[in-house]
Structures are given as structure tokens and as C-alpha cells.
Number of protein chains: 2
Amino acid sequence: MYSSELIKGTLKTIILALLSDEEKMYGYEITQKVKNLTGGKIQLTEGALYPTLHALEAQGILTTEVVNVGNRLRKYYTITPSGKTVAHEKVTEFSEFMATMLILLDLQPRAGEA
Amino acid sequence: MYSSELIKGTLKTIILALLSDEEKMYGYEITQKVKNLTGGKIQLTEGALYPTLHALEAQGILTTEVVNVGNRLRKYYTITPSGKTVAHEKVTEFSEFMATMLILLDLQPRAGEA
DNA sequence: TCACAATACATAATTTTCTTAGGTATATTT
DNA sequence: AAATATACCTAAGAAAATTATGTATTGTGA
């Protein structure tokens, strides 16, 4: 589990990246997928996830559809076309940010080094 | 310039990584070095930097030394031995976090792809 | 020489974002 | 039967940053 401080600010990027791949996920499913893909190293808390999903919906980035499964309800989130653009921008930006951090933290392998 | 949300939580890591390399820097110098190394894409704000430096000092991770240069004062920060350990842990953790994010954002190149 | 930008420190109010804690309810496993 | 997992949600508080100030010196360009 990474220190929460480190994960800060990446939640929207994670959500949008997953929904760009899957086109339809519900909240709990997102928490499980993140947990599985990261070997438990990133675990989204519901208190952070749900308000963010609601905000993304309010911004027109996601749309929702409530489905009854058995006696329980699931709220599926789908990314909108404009949301796909936002998702792509966010992922690209994070990718560039990582490259910048590699330089800054001096983690970049350079020629002529052991 | 990256969206500030993305940079959140990396300030301590950046400061400690730089001070591990240089052994002695003052606040303004840190802002300039970060700006230069990142081509202006990361610009630390003073309102974030100074309180963080003070906190790191209070935790015994950094020590200070005030020097007069001309008529102006500079507060130099030096990393302590225990601070070096913290710095290394922070950088390692961020490095692993990036690897995790590559998987999560599906940015990892895999065999058999175009 | 006068104004502006840069150097150099600092803090306080506000905002943003997350954590912690709580609440409701059904389904499954032990 | 109890505990865990599934599935949603919100509210209070904490943490971290932004924005806005404030002080003061030094260098630069009009």
C-alpha cells in the first residue's frame, strides 16, 4: 500500500483511464479492479470514489444507468465522447509528468554510467 | 505546466531528492532548480515550499544554517543522515508507484502488440 | 533615476481533496 | 447465526496546496 499522499491527485486519472478501456463499470467494480491490477497497492476508498464519480457525472464526463441485479442496485458509469478526450488528456499528462519526475529524481539512466 | 492536482503529494519527495544530491540548498534555489530541470513544467509555489521545509526541519529530516549574502539572508537546508534514509524510501516508493500506474493506465508496452 | 523584475524570506485565509467514520441494505460464506 | 462481501451514500474533519499578502534587497531596462 502506497502512502496516500503519493496517490493524491491521481484518482480522476485512474477512473477515466479504466472507463476508457471498459465503457461501463460500477463503483464497487472500480475499487476491485484497481485493487487487483495493483496487487492491493492502491485501494480506493469509497469516501473518495463516490463523490468524484458524482462530480464527473455533473461535469458531463460520465453518464449513469442504474441496474437491478438480484435485489441490489448497481450504478453503471459510462464515459461520454467528450469524456474520452478528457481521459486521454489526463493520461497523456500523467505520462509526461512521470517522465519529468524521472529527470527530477535523477532516476533516468544515462549513457556512460555503471 | 502540469495541472496542480497531478503534482500534489510529490513535493516532499522532490525536495528530499534534490537535497540528497546537493547536500545544501536554500528555498529559492530549490524553486529555480526544479523550474530549470523540468523546463518550467513544475513550478513550486512559495506558499507550499516554505511550510514544507519548516515541517521537514521540525521532523529532524533537514537542518538549517542562515547565511548572509550581501545584505540578504539565505537559509540553507542540509539533509540529515536519517533524512537520507527517508529520502531514499520516498524516491523508491514513487518509482514503484509509477510502475504500478503504468499497469493501471495501460501504458505498459507488452509483447505481441503493434 | 525610476519603475519593474528578480532574489529571498515568510505567513494567513481559502480551497481542494482525501480520510475517517458513519449509515443502509442484500448476498454469501463459515 | 455471524461474519464477510457486495453495493450504494454522505458528512465531519484533516491534510496539502493555492492564492494573496507582506517585507526587504538587488539588478535591469526605459
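The chains referred to below are lettered A, B, ... by the order of the sequence lines, with proteins before strands, and numbering in each begins at 1.
- Looking at the side chain of B:Arg72, the nearest of the listed nucleotides D:dT26, C:dT19, D:dA17 is D:dT26.
- Taking atom OH of residue A:Tyr28 and atom P of nucleotide C:dA27, one finds them 15 Å apart after rounding to whole Å.
- Residue B:Lys8 places no side-chain N or O under 4.0 Å from the OP1 or OP2 atom of D:dA15.
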**Request:** Apply side chain to side chain contact (heavy atoms under 4.5 Å, CB included) to the pair A:Lys90 and B:Leu6, showing each step before the final yes or no.
**Result:** CA-CA 9 Å; A:Lys90 284 243 162 228; B:Leu6 216 161; over 6 Å; no
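- Contact between the side-chain N/O atoms of B:Thr45 and the OP1/OP2 oxygens of D:dT18 is found at a separation under 4.0 Å.
- Distance from the side chain of A:Asn71 is smallest to C:dA27 among C:dA27, D:dT10, C:dA10.
- At whole-Å resolution of the value, NZ in A:Lys75 and P in C:dA25 are 18 Å apart.
- When the C1' atom of C:dC9 is taken as reference, atom CG of B:Leu44 falls 16 Å away, rounded to whole Å.
- For the pair A:Ile14 CD1 and C:dT17 P, the interatomic distance rounds to 15 Å; values are reported in whole Å.
- Across the protein-nucleic acid pair, A:Leu73 atom CG and D:dC9 atom P stand 8 Å apart, rounded to whole Å.
- For the pair B:Tyr50 and C:dC9, the criterion of a side-chain N or O lying under 4.0 Å from OP1 or OP2 is met.
- A donor-acceptor pair shorter than 3.5 Å cannot be found between the side chains of B:Thr38 and B:Tyr2.
- In this model, the phosphate group of D:dA7 is approached by a side-chain N or O of A:Arg74 to a distance below 4.0 Å at OP1 or OP2.
- Put simply, OH on A:Tyr76 is 11 Å from C1' on D:dA7, counting in whole angstrom units.
- Comparing A:Val69 and A:Glu5, the nucleotide of DNA chain D nearest to each residue sits closer to the 5' end for A:Val69.
- In this structure, CD of B:Gln43 is placed 15 Å from C1' of D:dA17, rounded to the nearest angstrom.
- Counting heavy-atom neighbours within 6.0 Å of B:His54 NE2, excluding the residue itself, gives a total above 12.
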**Check against side chain to side chain contact (heavy atoms under 4.5 Å, CB included), B:Ile42 and B:Met1** = CA-CA 6 Å; B:Ile42 298 180; B:Met1 188 65 174; 6.0 Å; no
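- In this structure, A:Leu16 and A:Leu62 have side chains that are in contact, with non-hydrogen atoms separated by less than 4.5 Å.
- The side chain of B:Tyr26 places an N or O atom within less than 4.0 Å of a non-bridging phosphate oxygen (OP1 or OP2) of C:dA8.
- Across the interface with DNA chain C, nearest-nucleotide mapping of A:Ser4 and A:Glu46 shows A:Ser4 to be the residue nearer the 5′ end.
- For the pair B:Glu57 CD and C:dC9 C1', the interatomic distance rounds to 14 Å; values are reported in whole Å.
- One finds a side-chain N or O of A:His54 lying less than 4.0 angstrom from the OP1 or OP2 phosphate oxygen of D:dT10.
- For A:Leu11 and B:Leu53, each mapped to the nucleotide of DNA chain C holding its nearest heavy atom, the one lying further toward the 5' end belongs to B:Leu53.
- Base contact: A:Gly47 has a heavy atom under 4.0 Å from a base atom.
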